[in-house]
Asker: 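Structure incoming, see below.
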Amino acid sequence: MNYWLMKSEPNEFSIDDLAAKDREPWDGVRNYQARNLLRDQMQPGDLGFFYHSNCAVPGIVGILRIVQAGYPDPTAFMPGHAHYDPKSDPDKPRWFMVDVAFVEKFPQVIPLAELKQAAALSDLPLVKKGNRLSVMPVTAQQWALILQLCSKTSS
DNA sequence: GCCAACGTTGGC
DNA sequence: GCCAACGTTGGC
């Protein structure tokens, strides 16, 4: 059982969009480090924080669950699709995705600014300067601490 | 294999 | 909208 953090731009796909669906493929990841995590590490039952990026208040907005382990991302094979990659061969796929399901939406966002202030989170890639990983591992300790921040914020 | 140029991410 | 930081590409 692993923990993750997954970024999405709410303009593109928000926690509310996920809440409205049974499950959803997490497609479009085009970064090798993130790809390796999707393909090799994520397992059904794993939990992840849903992070809103590139918006007014970037931060963690809820929790999702991995419901399907990594499999080839079909959008890479669709000419004209925004995530099309001619170099991904269906016989030897370059990009992978998982399926996720909604678990919960937090009463309030845990803002990035707040996460940055927590000394115990200094190793989390998210808060490191210049980090651009859109999918990253979260340790059990970091997970528990962030949940505490959540209950503090909402009380 | 180096590295400059370029495109993208994403906070602010 | 700006721009710092980073990953990728491609010439050599």
Side-chain angles (χ1 to χ4, degrees), chain A residues 2-21 24-42 46-64 66 70-100 102-139 141-143 145-150 152-154:
Chain A
N2 305 301
Y3 297 105
W4 306 99
L5 183 146
M6 312 196 42
K7 294 185 193 173
S8 180
E9 304 193 9
N11 291 344
E12 303 284 329
F13 187 75
S14 73
I15 184 97
D16 293 323
D17 295 328
L18 181 60
K21 310 200 174 194
E24 186 73 4
W26 198 269
D27 62 11
V29 173
R30 296 292 180 266
N31 167 282
Y32 288 105
Q33 202 179 342
R35 186 278 310 271
N36 292 346
L37 296 172
L38 293 168
R39 186 189 58 189
D40 305 331
Q41 303 292 323
M42 290 194 184
D46 289 358
L47 295 175
F49 288 123
F50 197 124
Y51 179 88
H52 279 178
S53 67
N54 222 346
C55 55
V57 185
I60 294 172
V61 293
I63 294 176
L64 53 72
I66 311 299
Y71 62 106
D73 180 345
T75 63
F77 310 135
M78 300 175 183
H81 193 284
H83 302 310
Y84 177 55
D85 180 358
K87 286 179 256 179
S88 186
D89 177 350
D91 292 330
K92 209 183 171 208
R94 174 179 295 202
W95 303 117
F96 284 71
M97 62 186 190
V98 297
D99 286 354
V100 302
F102 176 79
V103 173
E104 72 173 289
K105 179 182 178 179
F106 294 154
Q108 279 129 14
V109 185
I110 310 175
L112 175 62
E114 193 172 333
L115 298 169
K116 281 181 170 171
Q117 285 167 15
L121 295 179
S122 58
D123 286 335
L124 186 66
L126 181 77
V127 303
K128 293 196 171 167
K129 187 176 169 186
N131 191 278
R132 289 163 50 176
L133 253 194
S134 66
V135 164
M136 71 189 71
V138 173
T139 68
Q141 290 84 353
Q142 290 163 344
W143 183 269
L145 192 114
I146 291 168
L147 286 181
Q148 279 179 12
L149 288 179
C150 178
K152 245 183 249 170
T153 306
S154 55

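Source: prediction; values computed, not measured. Lettering follows sequence order; numbering is per chain, from 1.
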Asker: Does A:Tyr32 have any side-chain hydrogen bond (donor to acceptor under 3.5 Å, both in side chains) partners at least two apart in sequence or in another chain, and if so, which?
Answerer: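 A:Arg94.
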Asker: In a table with atom names and distances, give each donor-acceptor pair under 3.5 Å that connects a side chain of residues 121-129 of chain A to protein atoms at least two apart or in another chain.
Answerer:
residue, atom, partner, partner atom, Å
A:Ser122, OG, A:Ala119, O, 3.1

Asker: Using a 4.0 Å cut-off on protein heavy atoms (strictly under), produce a 5'-to-3' string for nucleotides 5-10 of chain B with B for base contact, S for backbone-only sugar-phosphate contact, and - for none.
Answerer: --BBSB
Asker: Mind checking side-chain hydrogen bond (donor to acceptor under 3.5 Å, both in side chains) for A:Asn31 and listing every partner two or more places apart, or none if nothing turns up?
Answerer: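 With sequence neighbours excluded, A:Asn31 shows a side-chain hydrogen bond (donor to acceptor under 3.5 Å, both in side chains) to no residue whatsoever.
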Asker: What's the NZ-C1' distance between A:Lys116 and B:dG11, to the nearest Å?
Answerer: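 Those two atoms, NZ and C1', are 6 Å apart.
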Asker: Can you pull the salt bridge (Lys or Arg N to Asp or Glu O under 4.0 Å) pairs that have at least one residue in residues 28-37 of chain A, sequence neighbours excluded?
Answerer: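 Salt bridge (Lys or Arg N to Asp or Glu O under 4.0 Å) check on residues 28-37 of chain A returns A:Arg30-A:Asp73.
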Asker: Any base atoms under 4.0 Å from A:Lys87, or only sugar-phosphate, or nothing? Heavy atoms, all strands.
Answerer: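 Result for A:Lys87 = sugar-phosphate.
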Asker: Apply salt bridge (Lys or Arg N to Asp or Glu O under 4.0 Å) to A:Asp99 and list each qualifying residue two or more places apart in sequence or on a separate chain.
Answerer: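 So A:Asp99 forms a salt bridge (Lys or Arg N to Asp or Glu O under 4.0 Å) with A:Arg23.
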